[in-house]
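The shown structure was predicted, so the numbers you read here are calculated from the model rather than taken from an experiment. Quick note on labels: first sequence line is chain A, next is B, and so on, each numbered from 1. Note: hydrogens, waters and symmetry copies are ignored here, and every other heavy atom, side chains too, is used.
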Number of protein chains: 2
Amino acid sequence: MSTNRRRSASATRAAILDAARVRFAAEGLDRVTVRDIAGDVGVDPAMVIRYFGSKEGLFAEAARFDLELPDLGDVPPEEFMDVLMPHFFSVWENNAGFLALLRAATTDKKSAAKMLDLFTEQVAPALAAAAVDRAPERAALLGSQMLGLVLSRYVLGVPPLVEMDRERLRDWIAPVLRHYLTAEPPSA
Amino acid sequence: MSTNRRRSASATRAAILDAARVRFAAEGLDRVTVRDIAGDVGVDPAMVIRYFGSKEGLFAEAARFDLELPDLGDVPPEEFMDVLMPHFFSVWENNAGFLALLRAATTDKKSAAKMLDLFTEQVAPALAAAAVDRAPERAALLGSQMLGLVLSRYVLGVPPLVEMDRERLRDWIAPVLRHYLTAEPPSA
DNA sequence: CCCATAAGTCAACAGCTGTTGACCTGACTG
DNA sequence: CAGTCAGGTCAACAGCTGTTGACTTATGGG
């Protein structure tokens with residue numbers, strides 16, 4: 001029964017950040033209060049401000065993450081999807097920050113801008129090696145399908161998509177991604 | 001210069017509803033206040049509550065709409081996309097209610113449920129005539145691409161998608177929709 | 001053992017929110 | 001022309017929000 005009420009500053013900071021990610025991912029930026037997060041950690045709301053400056057600062061940190069997309073330059077084209085799809089699933093299902101950002105991006109301009117950065121600074125370059133030409137256009141189209149899938153499966157919970165297992169989903173989606181990546185673009 | 005400050009109740013109600021649709025579509029459910037909407041119409045916030053009961057009631061009405069999807073039973077399969085795509089564009093670009101609902105659906109559970117209803121009660125049945133089998137699964141996949149496109153183009157504003165004209169977008173997307181609608185499903 | 005200090009609490013603030021009920025007012029009707 | 005009543009205003013409420021500064025307490029190093 002040793003009274004372990006005190007912890008190190010960095011541990012508390014990390015606990016707040018974790019709780020924030022979970023909350024923001026599940027309920028969205030506007031519907032989560034500083035008091036909610038502090039409550040989850042068992043700490044006074046003032047600590048949140050102390051460690052992160054503001055709610056906005058906390059969110060910015062909670063929604064920051066790296067897609068760590070593999071370099072497709074080393075991968076033979078016919079294996080692109082075997083590399084890409086598992087990676088996407090892993091990001092969506094293990095990274096609360098991504099869902100948090102997606103939820104916020106529909107109403108918060110800064111989050112929307114951050115989402116765009118993700119595209120132009122991480123997705124587009126990674127796909128540039130795979131796309132035959134017009135990389136930004138192809139990346140945007142591919143991204144739209146990916147975002148729509150995340151939205152439908154993890155945010156809205158569209159039943160057929162929730163029930164479908166990863167393999168079947170991959171088999172449905174992969175030809176589409178291939179299409180966006182390698183198909184001849186529409187005439188002129 | 002006759003003082004037309006008074007209008008009919010129904011005219012005021014309609015004006016509030018219009019302003020609400022625009023605001024909700026542009027800023028989302030949580031970031032729009034009753035005072036904002038009332039201000040747009042030039043009316044006291046109390047009127048909003050008088051005519052719609054609550055903010056929630058107003059939103060429910062503002063986000064209610066009909067997709068009016070055509071019956072694909074009469075259309076030969078090779079013309080599906082010629083019928084579907086213009087219809088989708090028309091809904092997205094002339095119907096603020098749809099954007100309002102999409103923005104809200106990422107955080108508001110009732111809105112998410114309403115979005116699901118839209119799928120199961122309007123999209124899936126309309127596509128049932130076009131899909132060879134497994135209509136709900138195919139409709140969900142098709143819907144995910146459509147939602148992703150709306151999100152990317154009209155909400156996030158992904159540059160390549162914003163700049164692309166409707167025809168080119170149709171040419172990119174149509175094969176994908178066809179794939180979801182008619183392709184052999186993944187093995188078992 | 002003591003005390004400086006890191007870690008945390010507490011109460012309060014100012015602002016905004018949806019919502020309410022009492023009140024006002026202009027126009028039509030008898 | 002008086003009075004009714006639909007259409008609209010007004011002030012205020014209670015609750016919640018992010019944020020602040022002053023206070024408290026445990027703990028580890030001298």
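F52(A) has its CZ atom 15 Å from the P atom of dG18(D), to the nearest Å.
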Which pairs of donor and acceptor atoms, one on a side chain in residues 64-75 of chain B, lie under 3.5 Å apart (sequence neighbours left out)?
{"residue": "D66(B)", "atom": "OD1", "partner": "E68(B)", "partner atom": "N", "Å": "3.0"}
{"residue": "D71(B)", "atom": "OD1", "partner": "G73(B)", "partner atom": "N", "Å": "2.9"}

For residues 111-120 of chain B, run the donor-acceptor check on the side chains, cut-off 3.5 Å, and write out each pair with its distance to 0.1 Å, sequence neighbours left out.
{"residue": "S111(B)", "atom": "OG", "partner": "D108(B)", "partner atom": "OD2", "Å": "2.8"}
{"residue": "K114(B)", "atom": "NZ", "partner": "A60(B)", "partner atom": "O", "Å": "3.1"}
{"residue": "T120(B)", "atom": "OG1", "partner": "L116(B)", "partner atom": "O", "Å": "3.4"}
{"residue": "T120(B)", "atom": "OG1", "partner": "D117(B)", "partner atom": "O", "Å": "3.4"}

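Residue V43(A) has its side chain nearest to dT9(C) when only dG7(D), dT9(C), dA7(C) are considered. Counting only heavy atoms from C-beta on, T12(B) has its side chain closest to dG8(D) among dG8(D), dT17(C), dA7(C).
Taking the side-chain contact (heavy atoms from CB on, under 4.5 Å) definition, one finds that A174(A) meets it with M81(A), R178(A), sequence neighbours left out. Partners of F52(B) according to the ring pair (Phe, Tyr, Trp, His ring centres under 6.0 Å) rule, which considers only residues two or more places apart in sequence or in another chain, do not exist here. Under the ring pair (Phe, Tyr, Trp, His ring centres under 6.0 Å) criterion, Y180(B) pairs with no residue, sequence neighbours left out. Among residues two or more places apart in sequence or in another chain, the salt bridge (charged side-chain N to carboxylate O under 4.0 Å, His left out) test is passed with R134(A) by E137(A). Residues that satisfy the side chain to side chain donor-acceptor pair (under 3.5 Å) test with T107(B), not counting sequence neighbours, are absent from this structure. Annotation: salt bridge (charged side-chain N to carboxylate O under 4.0 Å, His left out) contacts of E27(A) (sequence neighbours excluded): R23(A).
Interatomic distance, H87(B) NE2 to L84(B) CG, rounded to the nearest 0.5 Å: 8.5 Å.
Within 4.0 Å of Y51(B), counting heavy atoms only, lie sugar-phosphate atoms of the nucleic acid but no base atom. Within the nucleic acid shown, V32(A) comes within 4.0 Å of sugar-phosphate atoms alone, with no base atom in reach, counting heavy atoms only.
Near-neighbour residues of DNA chain D inside residues 13-25 of chain A, defined by a heavy atom below 4.0 Å, are absent. Within residues 101-112 of chain A, no residue has a heavy atom under 4.0 Å from DNA chain D.
Within the structure, salt bridge (Lys or Arg N to Asp or Glu O under 4.0 Å) pairs that include any residue of residues 78-106 of chain B comprise E93(B)-R153(B), E93(B)-R166(B) (at least two apart or interchain).
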Can you build the contact string for nucleotides 19-24 of chain D? Use B for base contact, S for sugar-phosphate-only contact, and - for no protein heavy atom under 4.0 Å.
BBBB--
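Proximity of a side-chain donor or acceptor of K55(A) to a complementary backbone N or O of V32(A) within less than 3.5 Å is detected.
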